[in-house]
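None of these values were measured; they are calculated from a predicted model.
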Amino acid sequence: MGQDVRSPRGPRCIALVGPFQSGKTSLLEAILARTGAIRTAGSVDAGTTVGDASNEARHHKMSVGLTAATTSFMGDSYTFIDCPGSVEFANDMRAALPAVDAAVVVCEADEKKLPQLQIILRELEELNIPRFLFLNKIDRANKRIRETLATLQPASCVPLVLRQIPIWNGDLIEGFVDLALERAFVYREHKASEVIALEGGNLDREKEARFSMLEKLADHDDALMEQLLEDIQPPRDAVFDDLARELREGLICPVLLGSATRENGVLRLMKALRHESPGVAETAKRLGASSPKDALAYVFKTVHLQHGGKLSLTRVLAGHLDDGATLQSSSGEAGRVSGISAVNCAHDTKRPSAEAGETVALGKLDTIKTGDTLSSGKTGPPSLVSVEPSPPVLAIALAATDRKDDVKLGQALLRLNEEDPSLTMIHNAQTHDIVLWGQGEMHLRVALERLRDRFGVNVKSQPPAIGYQETIRKSITQRGRHKKQSGGHGQFGDVVLEIKPLPRGGGFEFHEKVVGGAVPRNYIGAVEEGVVDGLLRGPLGFPVIDVQVTLIDGSYHSVDSSDLAFRTAARIGVSEGLPQCQPVLLEPIMAVEVVSPDEYTGSVTGDLNRRRGIMKGMDTRNGAQVIKADVPLSELFGYITDLRTITSGRAAASLTFSHYAPVPRNLAEKVIEEVKGAVATK
């Protein structure tokens with residue numbers, strides 16, 4: 001192994017991930033300040049940070065999108081990607097993680113955040129991303145580190161290996177001992193820690209904790225195990241090599257201590273990243289890119305600047321990329337790079353090219369989207385990454401406050417979807433609503449704020465209208481007659497219709513069984529159009545489905561009959577006949593699938609039952625319970641918020657349309673009255 005294991009490997013890209021409000025943005029500020037990229041660290045509360053610079057992030061005091069910032073440390077370049085901690089904005093993290101060499105998981109000793117920590121660690125484990133755990137807010141610790149580690153360990157599938165132990169002064173932590181380096185340090189706020197003598201009780205604690213660390217490393221190193229059994233102290237370089245190797249192979253998750261707001265522990269974290277995190281060659285290999293001949297890159301984020309056009313945040317995985325180069329994408333599109341910018345804190349710096357390992361913004365690749373793999377070759381490369389956005393779980397109907405902005409709103413929504421594919425826009429043809437689906441209340445609220453602040457479109461929003469429909473339960477025969485004389489040619493159409501219910505899901509069928517030319521064949525098409533007109537709004541106020549209408553008889557006038565007359569007659573026949581067919585109101589039913597830890601099964605099923613859900617089954621998937629139910633759409637608005645509350649954020653749900661079903665009579669009467677009232681006020 002030797003020095004090669006821990007040698008610098010060119011520009012690195014590191015993700016900062018962790019539960020909501022764990023201090024990721026503050027850690028980014030501390031890193032940038034300690035490495036000289038900015039003069040002083042900003043404050044999240046004061047709204048002065050490099051990250052979370054958008055109006056929405058500062059207003060809500062939370063990350064609502066990723067921030068990429070580049071700095072240098074001991075001659076190496078590092079780009080840090082600060083990922084949102086809220087599950088509602090997790091798509092940014094999922095798209096960015098494949099591009100990084102390692103991740104720093106920022107967390108604190110808070111059991112309430114353990115479920116979210118587990119979700120994030122599972123994601124990193126599935127992607128085989130090397131990861132450190134930075135135990136933040138150590139200055140506020142109120143229990144022993146070993147107790148904290150025992151609390152956090154169930155969230156990780158691999159051992160959490162303590163790299164440092166705290167130096168206590170009464171109930172306060174004033175420094176730490178580095179177990180690999182075998183040195184003691186005292187924290188200095190906003191300054192480098194001061195080395196002190198390792199002696200007395202601290203020395204005894206260090207020996208015990210270091211042996212525990214070495215034992216965990218020895219589980220994957222037979223030579224180290226033999227040394228420990230023979231009571232031989234392993235060389236310090238060999239210990240560092242083991243830490244680097246086992247980190248890269250995903251065998252351990254090293255734990256470091258610090259306080260981001262005080263800039264404590266930041267330099268030790270940077271040195272661990274420098275010596276132990278892998279480089280871009282190993283990242284490209286992890287993604288399946290073996291020795292590409294051409295430049296290879298991955299787009300992990302799309303941004304539309306208010307005045308600067310489209311930017312594609314990109315990690316160069318191999319080769320050399322020039323400004324003006326034409327790139328082929330894995331999606332079959334091609335684009336010419338128009339500007340390369342280094343991602344340098346709050347401002348971008350133009351540059352002529354980018355090398356392997358660097359993270360840059362590529363300008364005006366209009367046809368390129370987030371998740372694309374890019375190549376400078378003549379053909380598109382195979383896709384290295386597949387990032388599927390989480391299914392949307394909450395919707396709002398929206399419209400431009402000023403009708404003149406309708407086109408502008410449509411364009412803005414398309415750009416929002418490019419930036420965040422977990423937002424989905426649907427035009428509901430039945431209710432005529434523009435429906436925006438997202439990952440939760442805050443996700444949708446931020447989307448509306450971005451429409452206003454960045455795209456200049458003010459919108460009004462409301463819960464989407466439920467797409468109720470109606471059907472019939474009884475067959476009848478009904479005549480429809482339209483006769484009008486107003487001088488000159490009149491209008492005459494006469495039809496006899498047989499109206500029958502179809503099985504659920506049968507849709508609409510039209511037939512004709514006219515004999516003897518009672519209705520000339522050239523008017524049959526007009527009759528069908530009139531029937532369709534009559535089904536658009538049934539007696540209960542909604543479109544009618546699962547109906548068969550058959551034209552069986554009628555009459556015509558050689559002069560006054562026309563397509564319009566027969567269309568009108570058919571519409572009259574349907575409209576007058578449907579109230580006699582025992583109409584029934586139908587509501588959309590959604591197939592709901594909830595993936596939840598076993599301990600919340602009772603709470604989840606109870607909540608679904610309260611929402612008139614019909615349980616369809618349960619299964620086990622990857623140690624979690626998969627609960628399936630059919631639930632009326634009208635009962636699901638706000639469901640995802642409630643689900644996250646009752647499961648401490650550990651459950652996920654998907655909603656897909658299943659079928660239509662009759663509404664219970666008491667609820668149907670209420671819906672029908674509301675529709676009649678709305679019509680009366682128009």
Side-chain angles (χ1 to χ4, degrees), residues 392-399 424-437 444 460-476 499-509 531-549 571 574-592 608-614 616 629-640 653-682:
V393 293
L394 188 66
I396 53 174
L398 50 83
T424 305
M425 181 189 70
I426 298 173
H427 186 271
N428 190 318
Q430 178 183 335
T431 63
H432 306 292
D433 284 340
I434 296 176
V435 180
L436 184 65
W437 282 86
L444 292 173
K460 51 189 176 182
S461 63
Q462 62 185 25
I466 302 295
Y468 291 105
Q469 297 186 338
E470 55 186 275
T471 191
I472 59 174
R473 291 175 289 191
K474 178 183 175 183
S475 300
I476 67 158
I499 305 174
K500 292 182 178 181
L502 286 175
R504 191 72 62 245
F508 165 66
E509 293 181 4
V531 168
V532 171
D533 292 342
L535 295 176
L536 291 176
R537 184 179 177 85
L540 305 182
F542 300 95
V544 184
I545 62 171
D546 301 338
V547 173
Q548 180 189 92
V549 179
R571 178 178 54 78
V574 170
S575 299
E576 293 179 350
L578 286 175
Q580 307 170 53
C581 296
Q582 298 181 1
V584 59
L585 186 66
L586 301 174
E587 63 182 339
I589 304 296
M590 307 298 286
V592 178
L608 290 172
N609 286 329
R610 284 190 292 273
R611 297 173 186 271
R612 296 194 285 128
I614 298 175
K616 306 298 287 186
D630 285 346
V631 187
L633 177 60
S634 62
E635 303 285 351
L636 287 172
F637 292 115
Y639 173 64
I640 192 62
S654 63
L655 288 66
T656 54
F657 172 75
S658 176
H659 62 281
Y660 275 87
V663 181
R665 180 175 295 181
N666 61 324
L667 297 177
E669 291 173 355
K670 182 179 178 181
V671 172
I672 293 167
E673 286 302 315
E674 289 176 352
V675 172
K676 289 181 179 178
V679 172
T681 57
K682 287 185 178 180

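How far CD1 of Ile434 is from CD1 of Ile426: 12.0 Å, rounded to the nearest 0.5 Å. Note that CD1 of Ile672 is 11.0 Å distant from CG of Leu667, once rounded to the nearest 0.5 Å. Taking CG from Leu535 and CD1 from Ile499, the interatomic distance works out to 8.0 Å, rounded to the nearest 0.5 Å. Separating the CZ atom in Arg571 from the CD atom in Glu576 is a distance of 10.0 Å, to the nearest 0.5 Å. Rounding to the nearest 0.5 Å places CG of Asp433 at 6.0 Å from CG of Asn428. Taking OH from Tyr468 and CG from Leu540, the interatomic distance works out to 12.5 Å, rounded to the nearest 0.5 Å.
In terms of heavy atoms, Glu587 sits closest to Pro664 at OE2-CD, 4.1 Å. Annotation for Pro583 and Leu578: closest pair CD-O, 3.8 Å, computed over non-hydrogen atoms. Of all heavy-atom pairs spanning Pro662 and Val584, the tightest one is CB-CG2, 4.1 Å. The two residues Ser475 and Pro501 make their nearest non-hydrogen contact at OG-CD, 3.2 Å. In terms of heavy atoms, Ser634 sits closest to Arg612 at OG-NH2, 3.4 Å. When all heavy atoms of Arg611 and Glu635 are compared, the closest pair comes out as NH1-O, 2.7 Å.
Val544 places none of its side-chain heavy atoms less than 4.5 Å from the side chain of Phe508. Taking 4.5 Å as the limit, some side-chain heavy atom of Ile589 sits within range of a side-chain heavy atom of Pro632. Side chains of Pro539 and Gln580 form no contact here, defined as non-hydrogen atoms less than 4.5 Å apart.
Checked by atom type and distance alone, the side chain of Thr471 pairs as donor or acceptor with a backbone atom of Ile545 at under 3.5 Å. Remark: the backbone N or O of Phe542 is paired with a side-chain donor or acceptor of Glu470 at under 3.5 angstrom. In this structure, the side chain of Asp546 does not engage the main chain of Leu502 through any donor-acceptor pair within 3.5 Å.
By the ring pair (Phe, Tyr, Trp, His ring centres under 6.0 Å) test, Tyr660 pairs with Phe657, sequence neighbours left out. Annotation: side chain to side chain donor-acceptor pair (under 3.5 Å) contacts of Asp630 (sequence neighbours excluded): none.
Other residues, nucleotides and ligands place more than 12 heavy atoms under 6.0 Å from the CG atom of Leu536. At most 12 heavy atoms of other shown residues, nucleotides or ligands fall within 6.0 angstrom of atom CZ in Arg665.
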Side chain to side chain contact (heavy atoms under 4.5 Å, CB included) for Arg504 and Leu586? Distances and angles first, verdict last. CA-CA 10 Å; Arg504 191 72 62 245; Leu586 301 174; 4.0 Å; yes
